[in-house]
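Numbers for residues simply follow the sequence, beginning at 1.
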Amino acid sequence: MLIRAALSRIVTLFLTLCVCFVALEALPGDACTSFLEQDAQDSLLLNNCRSQLGLDQTFPYRIGKLISGLFHGDLGTSLARNRPVAEILAPRLLNTFLLVGFSALIAIPISFGFGIAAAVKRDSFFDIASSALIIMAMAIPEFVIATILILIFSIFLRILPAVSIISGNDTVIQILANAALPIGVLSIVMIAHIMRVMRTSMIDILDSDFIKVGTFRGLSFSRLVFRHALPSALPPALNVTAMSLASLLGGVVVIERVFNYPGLGTLTLQAIHDRDMPVVQATVIIFTATYVGLGMLADFASSLADPSLRRIRV
């Protein structure tokens with residue numbers, strides 16, 4: 001079953017790439033019209049530009065060249081910057097993965113801990129208040145959360161920068177200091193989704209028959225929660241965690257734009273504006289491959305931690 005799921009996700013990656021290529025082809029203009037701007041009215045200049053960049057080749061030839069290059073590890077050359085795409089992507093990829101990675105390091109422990117606490121103290125003030133906050137965080141768009149945090153921490157309190165100014169020589173600590181607000185936004189979104197599932201899953205397990213049997217046998221409540229209920233509640237939570245990480249890559253485009261963070265999101269938007277297809281295709285491949293990889297990881301983790309394989313041991 002895992003092999004079938006892996007093949008299905010690989011096909012998804014290929015189809016996404018094809019859809020991306022076709023969608024970019026359908027957009028009005030190309031890299032030459034974007035670069036030449038007013039001079040694009042001159043058909044001779046426009047034709048020469050397209051000939052130099054290879055845009056005058058047929059659609060099947062160009063998509064075939066793209067796929068062939070991917071098999072050889074070649075992402076092509078940027079049309080707007082005339083540099084290898086891999087060279088352009090490397091620092092942006094590191095910045096985005098730092099952003100998502102540290103957001104996950106903050107969000108996962110908090111969401112698991114608060115989800116367990118809310119399930120154990122069901123219907124308490126803590127459970128009701130945290131559930132209300134979760135619903136609010138899931139209902140409010142990410143850019144609105146970002147705006148609220150900017151108003152509070154950058155304008156009113158003036159303790160965090162509203163714009164992430166990062167150079168190529170900055171250390172990881174300096175990058176994180178300038179990216180505190182975008183990390184906060186992504187963490188809030190991730191905590192809301194994971195905590196909701198963790199709470200629901202724990203409540204279902206705590207209400208199950210095998211937990212009641214353990215109670216009748218005299219097992220302590222802490223042992224029932226952490227040794228039996230928690231392992232059984234982990235598979236859906238792990239699945240949602242992996243999917244939340246994957247969805248962050250979609251949300252990171254908006255968040256990076258709001259905070260002017262130099263990551264893959266801002267690079268993608270600029271490449272779309274410039275009609276720089278090799279760069280756009282490379283970022284789409286990275287986003288999709290990461291999503292597919294995390295989905296496969298979630299399937300594998302769920303298969304290893306199948307609740308049906310758990311039994312109480314006295």
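The shortest heavy-atom contact between Leu149 and Gly184 is CD1-C, 4.3 Å. Across all non-hydrogen atoms, the minimal contact from Ala118 to Ser130 is CB-OG, 4.1 Å. Closest approach of Ala117 and Phe126 over heavy atoms only: CB-CE2, 3.7 Å. Contact detail for Ala282 and Val85: the closest heavy-atom pair is CB-CG1, 3.5 Å. Considering every non-hydrogen atom in both Ala146 and Ile255, the closest pair reads CB-CD1, 4.3 Å.
A donor-acceptor pair under 3.5 Å links the side-chain atoms of Asn95 to the main chain of Pro262, judged by distance alone. Under a 3.5 Å cut-off, the side chain of Ser244 and the backbone N or O of Val240 do form a donor-acceptor pair. With Thr96 contributing its side chain and Leu264 its backbone, the two residues share a donor-acceptor pair below 3.5 Å.
In the hydrophobic clustering of ILVMFWY residues, with side-chain heavy atoms under 4.5 Å counting as a link, Ile135 and Met198 come out apart. Under a hydrophobic-cluster definition in which Ile, Leu, Val, Met, Phe, Trp and Tyr are linked whenever side-chain heavy atoms come within less than 4.5 Å, directly or via other members, Val19 and Met277 are assigned to different clusters.
Residue Ile128 holds its CD1 atom at 12.0 Å from CG of Leu133, rounded to the nearest 0.5 Å. Rounding to the nearest 0.5 Å places OG1 of Thr147 at 11.0 Å from CD1 of Ile140. Taken to the nearest 0.5 Å, the CZ atom of Phe156 stands 12.0 Å off from the CD1 atom of Ile150. Taken from CD1 in Ile203 to CD1 in Ile205, the straight-line distance is 11.5 Å, to the nearest 0.5 Å. If you take CZ on Phe153 and CD1 on Ile148, they are separated by 11.0 Å, rounding to the nearest 0.5 Å. The line from OG1 of Thr283 to CD1 of Ile88 is 11.0 Å long, rounded to the nearest 0.5 Å.
Considering only heavy atoms from C-beta on, Thr241 comes within 4.5 Å of Phe112 through its side chain. Under the 4.5 Å side-chain criterion, counting only non-hydrogen atoms from C-beta, Met190 is in contact with Leu245. Put simply, the side chain of Asp127 reaches to within 4.5 Å of the side chain of Ser131, judged on heavy atoms. You'll find the side chain of Pro182 reaches within 4.5 Å of the side chain of Ser164, heavy atoms only. Arg199 has its side chain out of reach of Ile134: every pair of non-hydrogen atoms, C-beta onward, lies at least 4.5 Å apart. Counting heavy atoms from C-beta on, the side chains of Leu181 and Ser154 come closer than 4.5 Å. Residues Ile108 and Ile191 have side chains not in contact (no heavy-atom distance under 4.5 Å, counting atoms from C-beta outward). Using a 4.5 Å heavy-atom cutoff, the side chains of Leu99 and Ile183 are in contact.
A 6.0 Å sphere centred on CZ of Phe114 holds no more than 12 heavy atoms belonging to other residues, nucleotides or ligands. Residue Met136 qualifies as open at atom CE: its count of foreign heavy atoms under 6.0 Å is 12 or below.
With sequence neighbours excluded, the residues that form a side-chain hydrogen bond (donor to acceptor under 3.5 Å, both in side chains) with Asp207 are Arg122. In this view, Val280 and Cys20, Leu24, Ala271, Ile272, Val284 satisfy the side-chain contact (heavy atoms from CB on, under 4.5 Å) rule, not counting sequence neighbours. Applying the side-chain contact (heavy atoms from CB on, under 4.5 Å) criterion to Pro161, with sequence neighbours excluded, gives Asn178.
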Requested in this report: Decide yes or no on side chain to side chain contact (heavy atoms under 4.5 Å, CB included) for Leu267 and Glu256, but give the supporting numbers first.
Outcome: CA-CA 9 Å; Leu267 178 64; Glu256 286 184 1; over 6 Å; no
Requested in this report: Before giving the answer on side chain to side chain contact (heavy atoms under 4.5 Å, CB included), spell out for Val253 and Phe287 the whole-Å C-alpha distance, their side-chain angles and the decisive distance to 0.1 Å.
Outcome: CA-CA 11 Å; Val253 176; Phe287 285 140; 4.2 Å; yes
Report task. Evaluate the side chain to side chain contact (heavy atoms under 4.5 Å, CB included) criterion for residues Phe97 and Thr290: first the C-alpha distance (whole Å), next the side-chain angles of each, then the deciding distance (0.1 Å), finally the verdict. Result -> CA-CA 11 Å; Phe97 278 11; Thr290 304; 4.2 Å; yes
Report task. May I have the step-by-step check of side-chain hydrogen bond (donor to acceptor under 3.5 Å, both in side chains) for Arg92 and Thr266, ending in yes or no? Result -> CA-CA 9 Å; Arg92 299 297 190 104; Thr266 51; 3.1 Å; yes
Report task. Decide side chain to side chain contact (heavy atoms under 4.5 Å, CB included) for Val185 and Phe143; before the verdict, give the C-alpha distance in whole Å, the side-chain angles of both, and the deciding distance to 0.1 Å. Result -> CA-CA 9 Å; Val185 175; Phe143 68 89; over 6 Å; no
